[in-house]
Amino acid sequence: MTPLHDSFTLTRDIAACRAHVWACWEDPALKRKWFVDNDSDGWSLESYSLSFTRGGRETGVWTVNAPGEPWHGRHRNDTTWLDIAPQDHIVYAYTMALNDQIHSASLATVLFADADGGTRLTFTEQIVLYDSRYGVDNRRNGWSKLLDTLETTLRETAT
Amino acid sequence: MTPAIGHFHIERSFALPRDRLWHLLTDPAMRSQWGAPSDEDVLIVDASDLREGGRDLHRCGPRDDPAYTVETIWFRLAEPDLACFSETVDAGGARIATSLVTYGLTDTATGCEFSIDVQLSSFVGPGAMSDFQAGWTSGLNRLAALVEQQA
């Protein structure tokens, strides 16, 4: 088994204040709105919990009904929040598993900065992939879609 | 301070079978013999729970003041092929860095090839990258000496 090490960075300039963007990570209801409640076809949520504190955990379990496809089965996300500096940065580690087999581990660093009256969010993921079926492009695309949903959530919850 | 991000990779060849090197890498008593960041420092393992999801705690630094505290979370343990874990380093109540560390072990004709990848997010500036690399390099030098004793 030769693991693959890789990384990617996504940068978004978001038309919302830093406090609102931060709330999308800190507030359980907002986090759930963009991170959990937008399942693709065939994905269904089994359980989700969030304790957004330094050393706290986030766990999500999804079942994918796609017989014959490599992603068919039970997906589990386990996150540990390693460092939280409000409205400045978040660093966390997480693993992804399919049918109880961990196929990746990641260190994610999320930066929040002011930019043109809004917020520049910079997401960097350093990843170790144990299974060649799961390339870094899949992960990058997945996070790109999640950040799209985060922006939609911000627009829908703007006051 | 905005976290600084980086990655380094180190490889070593050891004249020891993988299963015996695995023991040196993961056993708390063995780690305390080689794992400090310099010859002058010590590493004291305070707690160990070697299983996926388990957490270890250790201190390191000068013998009279091992002020760095390190929490390890074991993410993947595939003995004797691969281990992956995070390390979060604090000192004086401040967070220094977090890293994702991968050990890789492969057979060779004379023993095994060992690789270590450290993916780092530093809270004390980009200089931590060279400090961490120097610390791991120093540790691997002592690991090599330990392997010679064991071989």
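Model, not experiment: these values are computed from the prediction. Residue numbers start from 1 in every chain, and the chains themselves are labelled A, B, ... in the order their sequence lines are given, proteins ahead of strands.
The aromatic rings of A/His75 and A/Trp43 lie tilted to each other, with the angle between the two planes from 30° to 60°.
Residue contact with chain A, scored on non-hydrogen atoms closer than 4.5 Å, involves the backbone of B/Leu120 exclusively. Contact annotation for A/Leu107: both backbone and side-chain heavy atoms come within less than 4.5 Å of a heavy atom of chain B. If you measure heavy-atom distances from B/Glu52 to chain A, the contacts under 4.5 Å come from the side chain alone. Interface remark: B/Ser99 contributes backbone atoms only to the contact with chain A (heavy atom separation under 4.5 Å). For a residue to count as touching a neighbouring chain, one of its non-hydrogen atoms must lie under 4.5 Å from one of that chain's; by this rule A/Thr9 does not touch chain B. When heavy atoms are compared at a cutoff of 4.5 Å, B/Thr98 approaches chain A by way of both its backbone and its side chain.
Between chain B and the residues A/Asp83, A/Ile127, A/Leu111, the most heavy-atom pairs under 4.5 angstrom are made by A/Asp83. No other option in A/Asp88, A/Thr95, A/Thr109 has as many heavy-atom pairs under 4.5 Å with chain B as A/Thr109. For chain A, the option among B/Pro3, B/Gly53, B/Ser115 with the highest count of heavy-atom pairs below 4.5 Å is B/Pro3.
Between A/Asp148 and A/Lys145 no salt bridge is recorded (no basic side-chain N to carboxylate O distance below 4.0 Å).
Under 3.5 Å, the side chains of A/Arg32 and A/Thr153 contain no donor-acceptor pair of N or O atoms. No donor-acceptor contact under 3.5 angstrom links the side chains of A/Ser7 and B/His7, judged on distance only. Checked by atom type, the side-chain pair B/Ser138/B/Arg142 shows a donor-acceptor distance below 3.5 Å.
Between the B/Arg76 side chain and the B/Leu82 main chain, no donor and acceptor come within less than 3.5 Å of each other.
Rounding to the nearest 0.5 angstrom, the gap separating the CG atom in A/Leu121 from the CD atom in A/Glu151 is 8.5 Å.
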